[in-house]
Visitor: 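What follows is a structure written as structure tokens; I'll ask about it next.
Letters A, B, ... are given to chains in the order of the sequence lines, protein chains preceding strands, and every chain is numbered from 1. Predicted, not measured: the structure shown is a model, and the values here were computed from it.
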Number of protein chains: 2
Amino acid sequence: MTALKKKQITLKDIAERSGVAMMTVSRVVNGTGYVSEETHRRVMEVVDELNYRPNGAARSLKRQRTETVGLVLGDLSNPYSTVLANSVREHLAVRGYSLFICISEQSAQEDITAFNSLVDHNADGIIVATRSNTGGDKRLEAIADSGVPVVVVGRDFRHKTVDFVSADNLTGGFEATQHLIDLGHKRIAFLGGNYESRNSLKRLQGYLNALRLHGIEADKRLITGSRETSSRVPGYSTEKMGYEGMKRLLSLPDRPTAVFARNDFTAVGAMLAIKEAGLTIPQDIAIVGFDDTPLALHTMPALTTVRQPVGLQGQLAAEMLLNRISAKKVLDRVERVLDCELIVRSSTVVAV
Amino acid sequence: MTALKKKQITLKDIAERSGVAMMTVSRVVNGTGYVSEETHRRVMEVVDELNYRPNGAARSLKRQRTETVGLVLGDLSNPYSTVLANSVREHLAVRGYSLFICISEQSAQEDITAFNSLVDHNADGIIVATRSNTGGDKRLEAIADSGVPVVVVGRDFRHKTVDFVSADNLTGGFEATQHLIDLGHKRIAFLGGNYESRNSLKRLQGYLNALRLHGIEADKRLITGSRETSSRVPGYSTEKMGYEGMKRLLSLPDRPTAVFARNDFTAVGAMLAIKEAGLTIPQDIAIVGFDDTPLALHTMPALTTVRQPVGLQGQLAAEMLLNRISAKKVLDRVERVLDCELIVRSSTVVAV
DNA sequence: TGATAATATGTTAACGTTAACTGAAAGATT
DNA sequence: AATCTTTCAGTTAACGTTAACATATTATCA
């Protein structure tokens, strides 16, 4: 019967075999302090031979840092999350930090579990990109209070020492609507207002601002969404919401000629409903989405949408966090709100 | 100026304030050993008051385990990865384990970095779902040799103590091809053979087996793919490959009447090329994909595809790993190859 | 040449936790 | 009443690493 697990090789083993003190081995392994050419060689030989790897737990315990950052994501199935995660990882790697990702599946309890995992494993800092919720926010506040560096991305969270990065959903919503107005539309619907998602509300507000600016009166019946609790709803399922919302809009006596959907998934659902009704996009109804997910290129017709700079959000979040980690004192909150870009495709304009 | 980071609260602090020994506090916190009702209450009061959380590094160091599992993914942007990750997380959570996800972006160096992060942080076990590569595999072998529990998912890796879970790509490829043959097709192309992806090769082999069984001779010109190094190619970009490969197929004097694409992205690219050529799916050319990504429902027409049980792979991987972690002795390799399911949609059959 | 600086290694004491052991008091058992 | 068992709590010694300090040797300089 094989041994359960080979005994861990420690500094002590290396020290004994190479005839030096543990401290000398530590110096060799870390490249710190003075070590003679000769000793260095001899120690490294044994290190390689025994395949020694420093024990992270012991190291963290002594050093009081782990060179590790946690990223908490609410919903992996959203392209936003994956692009963000990659960008964060990449920019952390440059500075020698590892990234551990936790998924919380949009539940308060799992948010808390994820935060705790990271704190308990002494992550040097945490980037949070989950949807806001009371329980999670309370725990997050306590964590920030305790001095752990935290950055939030694309979600609300006010704390005097927590940085904030987000796309400018307000202006994005404004520009999407403005685009439809420029095309001559007057009856423009907003699809997918969700009263738990701040970002969605910002997009709605941008829509309302654009209407107001152009003297178009907002029609409540044209603003549709779900009031149901959706705290556990993944990105994809908003498609169903788009489909159902659009059906409702189509049954109005005076149906809209254009729709601004809260995100691309919602837009895709709406397109399905429009096609089922035998109507043509964009001639009968024009439609704009949000996020520029890969999906948007594959719809028929291709979807006009608002692109938010996800990679940049990841980069800034990583940089802000590292900044905070290496700072000698507690820094004040920094906020970065990034411009969105309207991507015009065939779902609003025939010529394109 | 605020202090940099609040001093960590330790067992010692709790012990002092509640007038007991550290060990007693430890017992209270962990719910182990005997502690009187009264002492328990008094200690917990202080624990809550000071918001004490045990130091994970110290705990791991002493206990020699972390109740943490690592998952290494090659490419987050693939729906496969996200579903797998969720499933793994869920099934680990049931048993009280946390999941840390690392992304390697399909490079050998980053694979190694990810493995090392996890080993160094004393993860109790590792689930690997990256694409196989020499450098990474070598490191992985050393890790497995050292006694760390490892399970690989959907990729090759032979090691006497590493478990293996995968979809049955061979039979999947066979069934997809069989379906096309059943529909009367004789000239069936295989699109996207990639000589670095074992799974893709298995699907190709299934295709060849089906042809052979029905006495259809394989035509080399109908088997197209890229020979270029694609070790860093994310899932999405195989769409371009599908588009270009399909163009090549369409330019043949005797073009195929059906195409089996290595995955849904490739199939989508192919569909684009077919439509651009003014041909109709499935009347002129039928097409089958693989993976049943969410995309497959949104193509026009909806894509016939082979669904692999991703959630189940995650569940089994988690269970096998936990099994290995809690085993008293080193277990022998277990292999699980899971059935795929053909999902027939409109890209092969008009009636559906 | 003696003093100062740079180089090279070793020793000690933590970091925060818990397994293993010890001791004492209270309850149960004969 | 003597013995055994259960309950409760404290002491000691690690887990593997490294910061801080101590010491010894060699090179450098006025």
Visitor: Determine whether the side chains of B/N122 and B/T66 contain a donor N or O and an acceptor N or O closer than 3.5 Å.
Guide: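 Checked: B/N122/B/T66 side chains show no N/O donor-acceptor pair below 3.5 Å.
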Visitor: Could you tell me how far apart A/Y34 (OH) and D/dT26 (C1') are, to the nearest whole angstrom?
Guide: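 A/Y34 atom OH is separated from D/dT26 atom C1' by 13 Å.
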Visitor: Assuming nearest nucleotide by heavy-atom distance, tell me which of A/V29 and B/G19 is located more 5' along DNA chain D.
Guide: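 Looking at the nearest nucleotide for each, B/G19 comes out on the 5' side.
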Visitor: How long is the line joining CD of B/E16 and P of D/dG10, in whole Å?
Guide: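 Answer to the nearest Å: 13 Å.
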Visitor: If I take atom CD1 from residue B/I14 and atom CD from residue B/E49, how far apart are they, to the nearest 0.5 angstrom?
Guide: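 Those atoms lie 8.5 Å apart.
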Visitor: Relative to the 5' end of DNA chain C, which residue comes earlier, A/K62 or B/Y52, by the nucleotide with the nearest heavy atom?
Guide: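 Its nearest nucleotide lies further toward 5', so the answer is A/K62.
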Visitor: Can you measure B/E37 atom CD to D/dA9 atom P for me and round it to whole angstrom units?
Guide: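 Atom CD in B/E37 sits about 11 Å away from atom P in D/dA9.
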Visitor: Verify the ring-centre separation between B/F100 and A/H121: is it less than 6.0 angstrom?
Guide: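 Aromatic pair counts; centres sit under 6.0 Å.
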Visitor: Within this structure, what is the CD1-to-C1' distance between B/I14 and D/dG10, rounded to whole angstrom?
Guide: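 One finds 18 Å between C1' of D/dG10 and CD1 of B/I14, rounded.
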Visitor: For chain B and DNA chain C, what are the first and last nucleotides along the strand, 5' to 3', with at least one atom under 4.0 angstrom from a heavy atom of the protein chain?
Guide: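 For DNA chain C, the relevant span reads C/dG16 to C/dA20.
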Visitor: For residues B/N30 and B/T32, is any side-chain donor paired with an opposing acceptor at under 3.5 Å?
Guide: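 There is no such pair between these side chains.
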Visitor: Under 3.5 Å, is there a donor-acceptor pair between the side chain of B/T39 and the main chain of B/V35?
Guide: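 No; zero donor-acceptor contacts below 3.5 Å.
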Visitor: Nucleotide by nucleotide, 5' to 3', does protein get under 4.0 Å of the base (B), only the sugar-phosphate (S), or neither (-) in nucleotides 20-25 of chain D, counting heavy atoms?
Guide: B-----
Visitor: Is it true that the side chains of A/R65 and A/S60 contain a donor and an acceptor less than 3.5 Å apart?
Guide: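 The criterion, which ignores hydrogens and geometry beyond distance, is not satisfied for A/S60 and A/R65.
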Visitor: Donor-acceptor check, side chain of B/S87 to backbone of B/V83, threshold 3.5 angstrom: yes or no?
Guide: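 Not confirmed, B/S87 side chain does not pair with B/V83 backbone.
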Visitor: Base, sugar-phosphate, or nothing for B/S60, non-hydrogen atoms under 4.0 angstrom?
Guide: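 If one applies the 4.0 Å heavy-atom cut-off, B/S60 turns out to touch nothing in the nucleic acid.
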Visitor: Quick one: list whatever passes ring-ring contact (aromatic ring centres under 6.0 Å, His included) with A/Y80, sequence neighbours left out.
Guide: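 With sequence neighbours excluded, A/Y80 shows a ring-ring contact (aromatic ring centres under 6.0 Å, His included) to no residue whatsoever.
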